[in-house]
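Here is the naming used below: chain letters follow the sequence lines, and residue numbers restart at 1 for every chain.
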Amino acid sequence: MFNKRIKIKELLLQLPGQHDVVVMGWVRTFRNTQFIALNDGSTNTNLQVVAELGRFDDDLLKRITTSAALKVTGELVASQGKGQTVELKASQIEILGDSDPEKYPLQPKKHSLEFLREIAHLRFRTNTFASIFRVRHALAFAIHRFFHDKGFLYMHTPIITASDAEGAGEMFRVTTLPFDQPPRTEDGAIDFSQDFFGKSTNLTVSGQLEGELAATAFGDIYTFGPTFRAENSNTTRHLAEFWMIEPEMAFHDLEDNMNLAESFMKSIIRFVMDNNMEDLVFLDQRLLEEEKQLPADKRSEFGLLDKLKMVVNNDFERITYTEAINILLESPAYKKKKFQYEVKWGIDMQSEHERYLVEKHFKKPVIVTNYPKDIKAFYMRQNDDGKTVAAMDILAPGIGEIVGGSQREERFDLLTQRMRDMHISEEELWWYLDTRRFGTVPHAGFGLGFERMVLFVTGMTNIRDVIAFPRAPKTADF
RNA sequence: UCCUCAGUAGCUCAGUUGGUUAGAGCAUCUGACUGUUAAUCAGAGGGUCACUGGUUCGAGUCCAGUCUGAGGAGCCA
């Protein structure tokens, strides 16, 4: 029977005097053969368990080592010590699972994030990662709540797809064909008609096209699922397997889209501030400590909490691509030739340009709209100027692009023309084009990289630290 | 994939111009102490200096290649 157990987060709120309290958790430290710091993952605040001298056998005390799992029964009493108001005076201590101190790699001290990445299966037992993953959970929950409250339908779009026309990068192939001796057609090509699905298939790079199908029946839908990109990207903000949120709304234009994206981001950040303040305070302090190591000019201008408050309480800056280029052209950075890459209308902005806009010029999230059509995807709605499309990217300080979206091209002729220009097969996407054949409507949507959002809210800087078991080039452990 | 930097004890790191037996703090183990807060004090054990090859009388140190990691860039969310 484990259900008498009370979680430490809940117990710490209670008044002293209760008897027969049962807690279970893992030992963080055991000080002075008397004081056990016990953690059960419900909060970073440890419960101090007091094993009074002489009350327990030496054999038992020796087994109370870092990360051993314990069941403790006792009385909640006011603490005589300074670090806590209440503590648990143990009457019974049971070792549920031993932890060999010679082999257990975590110590009660600061570890580097690089080292913890190598032992990702144990890093949840550190305060930093416990806070990150509680915040990650809260964000995921807040996302579902936000859309549910607005009457959106949660769609599960396929993970295996036969379409390679989504145009969002390299894909992972899915096949059951033997890779050493695949069947061949007469002209020597691999014969996918003999493969499991009877055609060439891949892991999805986006659920958007399927999302549009659902949106043109339900009105408002969203997807929230895993996404796979086989790009050889070795950066702090790319993964081969990541989670993406893709809302798609019928009867929405670009402005509706921006309004939704902005209120969405603010709403989920506010939810975390309302429900996980302890974790945010911890992460705020962690960031402050970490940045003390950096030279003054490399430090963030604001602390984590200040940054989040600012985002929630202020409107995002909204500018067009053309305005963005003009700001860059008139910037001191440009005049002093600080940019490595050329700035002129028509370029795909580089990281340094986006950084300048967000971190130097506006110092808050920026929504850039109406990009040149030549640098954007085929499905984005063409503007009347003939040069730009109704796209919008939200750029966040320290992260870069966090949201990418657009109003979709709902006009059949313009869409198919664009597909021909960009050599995208109309035959293969016949089902997608059907939405434009039968009751087409203005609609819009966006994609938000979930891990990038978690980075932003936790103040972490490497995306591999905000997903439990990161998949990236040469990395698929655990 | 490209550029830069790094790889020395379980962890974090020092190691001089190439020169005898490679060091420190923390962790671990042993003992002491006991209202501690990453407890403290004393002692002990712990190393294929990433790997392969080369230069040299002699390589942790110099050179080449490989692997791994970090930061930046590209691709993007």
With a 4.0 Å cut-off on heavy atoms, is [X] in touch with a base, just the backbone sugar-phosphate, or nothing at all?
| X | result |
| --- | --- |
| A:Lys82 | base |
| A:Leu53 | sugar-phosphate |
| A:Glu451 | nothing |
| A:Phe115 | sugar-phosphate |
| A:Glu401 | sugar-phosphate |
| A:Gln84 | base |
| A:Asn234 | base |
| A:Leu106 | nothing |
| A:Pro101 | sugar-phosphate |
| A:Glu87 | base |
| A:Thr235 | base |
| A:Thr236 | sugar-phosphate |
| A:Tyr341 | sugar-phosphate |

Quick one: [X] [atom1] to [N] [atom2], roughly how many Å, whole number?
| X | N | atom1 | atom2 | result |
| --- | --- | --- | --- | --- |
| A:Arg123 | B:G10 | CZ | P | 22 Å |
| A:Phe282 | B:A38 | CZ | P | 12 Å |
| A:His111 | B:G10 | NE2 | P | 14 Å |
| A:Lys338 | B:G72 | NZ | P | 19 Å |
| A:Asp393 | B:C76 | CG | C1' | 10 Å |
| A:Asp477 | B:G69 | CG | C1' | 13 Å |
| A:Glu102 | B:C26 | CD | P | 18 Å |
| A:Leu122 | B:G10 | CG | P | 17 Å |

Which base sits across from [N] as a Watson-Crick or G-U pair, both distances under 3.5 Å?
| N | value |
| --- | --- |
| B:U56 | none |
| B:A44 | B:U28 |
| B:C33 | none |
| B:A22 | none |

Is the phosphate of [N] approached by [X] (side-chain N or O, under 4.0 Å from OP1 or OP2)?
| X | N | result |
| --- | --- | --- |
| A:Arg117 | B:A70 | yes |
| A:Ser112 | B:U12 | yes |
| A:Thr29 | B:U37 | no |
| A:Gln107 | B:U28 | no |
| A:Arg31 | B:U36 | no |
| A:Arg28 | B:U36 | no |

Which value, in whole Å, describes the distance between the [atom1] atoms of nucleotides [N] and [M]?
| N | M | atom1 | value |
| --- | --- | --- | --- |
| B:A42 | B:A27 | P | 13 Å |
| B:A73 | B:U12 | C1' | 30 Å |
| B:G15 | B:G31 | C1' | 33 Å |

Main-chain N/O of A:Glu401 paired to A:Asp393 side chain as donor or acceptor, under 3.5 Å: no
Any donor-acceptor pair under 3.5 Å from A:Ser263 side chain to A:Leu260 backbone: yes
Check: A:Phe147 ring centre within less than 6.0 Å of A:Tyr154 ring centre: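 A:Phe147 vs A:Tyr154: aromatic centres not under 6.0 Å.
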Output field: ring centroids A:Phe339/A:Tyr356 closer than 6.0 Å: yes
Option from A:Trp26, A:Phe129, A:Phe133 for which ring-ring contact (aromatic ring centres under 6.0 Å, His included) with A:Phe124 holds: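 The residue from A:Trp26, A:Phe129, A:Phe133 that satisfies ring-ring contact (aromatic ring centres under 6.0 Å, His included) with A:Phe124 turns out to be A:Phe133.
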Cation over ring face, A:Lys62 and A:Phe30, 6.0 Å, 45°: no
A:Arg464 or A:Gly83, whichever maps to the more 5' nucleotide of RNA chain B: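 The residue closer to the strand's 5' end, by nearest nucleotide, is A:Gly83.
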Selection from B:G35, B:G69, B:G25 that lies nearest to any side-chain heavy atom of A:Lys109: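 Out of B:G35, B:G69, B:G25, the nucleotide with an atom closest to A:Lys109's side chain is B:G25.
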Residue A:Ser233, side-chain heavy atoms: nucleotide from B:A39, B:A27, B:G74 that is nearest: B:G74
